[in-house]
Asks: 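Here you go, one structure.
Below, each value reflects all heavy atoms present in this structure, side chains not excepted, and no hydrogens, waters or symmetry copies.
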There are 2 protein chains.
Amino acid sequence: MRCWINGIEQAHIDATDRGLQYGDGLFETLAAFDGQCPWFEVHYQRLWTGCDRLAIPLPDKAVLLREVEQAAAGQHRAVIKIILTAGSGGRGYARSANLQANRIVLCHAWPDYAEACWLQGVELKLCQTRLGCNPALAGIKHLNRLEQVLARNEWQTREVAEGLMCDMQGNVIEGTMSNVFVVREQDLYTPELARCGVAGVMRRWILETAPRLGFEVHETTLRIEDLQHADELMLANSLIGLWPVKMFESRHYQPGPVYQALLKCLLTEYPLINTQTMNRFDA
Amino acid sequence: MRCWINGIEQAHIDATDRGLQYGDGLFETLAAFDGQCPWFEVHYQRLWTGCDRLAIPLPDKAVLLREVEQAAAGQHRAVIKIILTAGSGGRGYARSANLQANRIVLCHAWPDYAEACWLQGVELKLCQTRLGCNPALAGIKHLNRLEQVLARNEWQTREVAEGLMCDMQGNVIEGTMSNVFVVREQDLYTPELARCGVAGVMRRWILETAPRLGFEVHETTLRIEDLQHADELMLANSLIGLWPVKMFESRHYQPGPVYQALLKCLLTEYPLINTQTMNRFDA
């Protein structure tokens with residue numbers, strides 16, 4: 001792991017940073033392939049939305065891109081995490097007028113996901129921890145992530161890859177680290193995220209790409225039963241790309257044609273796995 | 001401002017600290033008088049509750065007290081902030097098995113509140129930012145404080161001392177940095193905090209002390225109208241102690257007998273202001 005703060009390589013931040021004190025900031029998790037983040041632009045756009053919502057100054061795009069590429073340099077595959085905080089100093093919730101936002105760029109090793117995650121799918125667990133609703137924070141990737149931490153720590157077994165989270169009304173919202181898509185008669189359905197949840201960049205890609213591949217996509221209200229009655233169930237984020245769910249609440253699912261069509265399309269621009277692996281679907 | 005991390009004076013923390021990454025931690029803000037925190041014990045009890053809820057190991061009481069007293073040493077009045085995070089390292093919401101919680105103890109200058117805050121009262125503003133509800137996080141003083149940050153940054157004018165926050169259903173919950181008490185016919189009413197809000201140590205003191213002074217206290221559901229029809233309205237936290245509200249939503253209030261009785265009692269163990277100041281109520 002390496003870390004740059006405001007462009008300078010260092011491992012420590014000021015203990016008065018508002019990111020630590022209050023979670024007053026945003027983050028992005030990007031996949032880097034051969035030193036490049038192919039989707040930097042969409043991550044930057046979401047950061048723009050988050051900065052606008054939290055009234056944090058948006059970092060200059062060229063500066064941030066340079067820092068991200070500096071962090072990814074020389075790596076075949078890497079995870080780049082950008083944290084942007086409201087700045088350091090002061091005490092109390094009021095931001096002082098002279099705050100300077102801090103950019104923290106971390107480079108982590110690429111996670112060692114098994115190819116079976118893409119080929120056979122993963123097990124999804126229903127979490128007890130719920131998501132609170134607040135439209136002011138919904139959709140953006142802010143640093144207040146205790147709900148996800150509590151949910152993710154509900155299980156330790158490696159067989160379970162992801163946990164599903166509902167809001168207080170029992171509506172399905174998302175996985176702890178991914179967005180959820182249900183397929184029914186070749187149409188896709190995903191929870192609308194106006195009241196809680198994170199609007200992932202891979203989710204956005206599916207919303208834009210599925211119609212081009214001939215599939216309708218609906219942002220809607222989903223219940224647990226909708227997942228149990230799905231033809232296909234899949235998870236999406238910027239590191240896993242797409243994973244089919246093979247088991248949820250005792251029901252078994254198969255990687256289906258909608259998933260396969262989307263993944264094939266994704267791999268043309270996002271080399272998550274060896275494309276030859278995908279040919280095994282056709283075999 | 002001075003800062004100690006796990007007992008060692010230093011100004012910086014590891015950028016992989018989960019407090020920064022996810023707000024995965026807790027905090028306490030204590031008043032220190034002449035190098036002592038008279039209410040260390042009740043803060044430690046709340047920390048105990050928070051650690052239990054978030055599954056973070058509770059720091060040893062004697063160790064933490066020593067660090068707090070080290071930070072407060074030699075100060076007439078000071079603000080001691082304890083931050084306890086789940087630890088450093090890793091990536092992703094899952095906590096690794098070998099995490100070690102980090103203790104951050106900060107000593108800040110005592111805020112320069114005017115005596116008029118206690119004598120005449122303060123102006124309270126209604127915030128637009130709402131509190132999301134999550135029983136898993138309600139009551140404890142965790143590091144996910146973006147709602148308070150957004151609410152506190154709704155106003156800049158120094159005339160307004162505090163902002164009132166409601167939940168999504170419009171129930172009054174708390175101030176951005178304080179708990180709220182309504183007095184009606186010498187009974188006290190304060191929002192119950194089972195679904196959101198922070199259960200402050202000064203709130204707890206009032207719940208315990210008011211009955212001893214002959215006042216009934218009710219934890220209940222409060223609406224804006226209940227504040228507007230109050231005989232007295234007051235705010236409580238561990239730095240301000242108690243402040244009467246002099247104005248809220250165009251209504252004017254006076255510091256009343258319930259406030260005065262509570263404050264007099266508080267000052268016997270918590271020297272926030274010169275007790276002679278209080279005599280002016282009797283003049």
Asks: Given the options A:Leu150, A:Asp167, A:Ile104, which has more heavy-atom pairs under 4.5 Å with chain B than any of the others?
Replies: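 Most heavy-atom pairs within the cutoff with chain B belong to A:Leu150.
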
Asks: Does any backbone or side-chain atom of B:Ala11 lie under 4.5 Å from a heavy atom of chain A? Answer side chain, backbone, both or neither.
Replies: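 Backbone only.
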
Asks: By a 4.5 Å heavy-atom criterion (distance strictly below it), what part of B:Cys133 contacts chain A: side chain, backbone, both, or neither?
Replies: backbone

Asks: What's the verdict on side chain to side chain contact (heavy atoms under 4.5 Å, CB included) for A:Thr16 and B:Met1, showing C-alpha distance, side-chain angles and the deciding distance?
Replies: CA-CA 9 Å; A:Thr16 65; B:Met1 200 280 301; 3.3 Å; yes

Asks: Are the side chains of A:Leu54 and B:Val149 in contact, using a 4.5 Å heavy-atom criterion?
Replies: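 Side-chain contact under 4.5 Å: no.
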
Asks: Quick check for you: among A:His12, A:Gln128, A:Gln156, which has the greatest number of heavy-atom pairs under 4.5 Å with chain B?
Replies: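 Highest number of heavy-atom pairs under 4.5 Å: A:His12.
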
Asks: Say whether, by atom type as modelled, one donor and one acceptor occur between the side chain of B:Asp17 and the main chain of A:Ala15 under 3.5 angstrom.
Replies: no

Asks: Top residue by heavy-atom pair count (under 4.5 Å) with chain B, among A:Leu239, A:Thr29, A:Leu143?
Replies: A:Leu143

Asks: How far apart are the closest heavy atoms of B:Arg145 and A:Asn144, and which atoms are they?
Replies: N-OD1, 3.2 Å

Asks: Need one label for B:Leu137: side chain, backbone, both or neither, based on atoms under 4.5 Å from any heavy atom in chain A.
Replies: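 Side chain of B:Leu137 only, per the 4.5 Å heavy-atom cut-off to chain A.
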
Asks: Among the options B:Arg91, B:Arg53, B:Lys81, B:Arg18, pick out the one with the most heavy-atom pairs lying under 4.5 Å from chain A.
Replies: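 Most heavy-atom pairs within the cutoff with chain A belong to B:Arg91.
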
Asks: Out of B:Ile140, B:Asp24, B:Asn134, B:Leu26, which residue meets the side chain to side chain contact (heavy atoms under 4.5 Å, CB included) rule with A:Leu146?
Replies: B:Asp24

Asks: What option among A:Ala136, A:Ala94, A:Gly132, A:Gly23 has the most heavy-atom pairs under 4.5 Å with chain B?
Replies: A:Ala94

Asks: Answer with side chain, backbone, both or neither: which region of B:Gln21 has an atom nearer than 4.5 Å to a non-hydrogen atom of chain A?
Replies: both

Asks: Inspect the surroundings of CD in A:Gln10 and state if more than 12 heavy atoms from other residues, nucleotides or ligands are less than 6.0 Å away.
Replies: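 More than 12 heavy atoms, drawn from other residues, nucleotides or ligands, come within 6.0 Å of this atom.
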
Asks: Between B:Glu147, B:Arg95, B:Arg130, which shows the greatest number of heavy-atom pairs under 4.5 Å with chain A?
Replies: B:Arg95

Asks: Does atom CD of B:Gln100 have more than 12 heavy-atom neighbours from other groups under 6.0 Å away?
Replies: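 Result for CD/B:Gln100: open.
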
Asks: Using non-hydrogen atoms and a 4.5 Å limit, figure out which bit of B:Asp14 sits close to chain A: side chain, backbone, both or neither.
Replies: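 The answer is both parts of B:Asp14.
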
Asks: What residue, out of A:His142, A:Met177, A:Met168, has the most heavy-atom pairs lying under 4.5 Å from chain B?
Replies: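 Maximum pair count with chain B is reached by A:Met168.
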
Asks: Around B:Arg195, counting heavy atoms of other residues, nucleotides and ligands shown, do more than 12 lie under 6.0 Å from its CZ?
Replies: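 Incorrect, the count does not exceed 12.
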
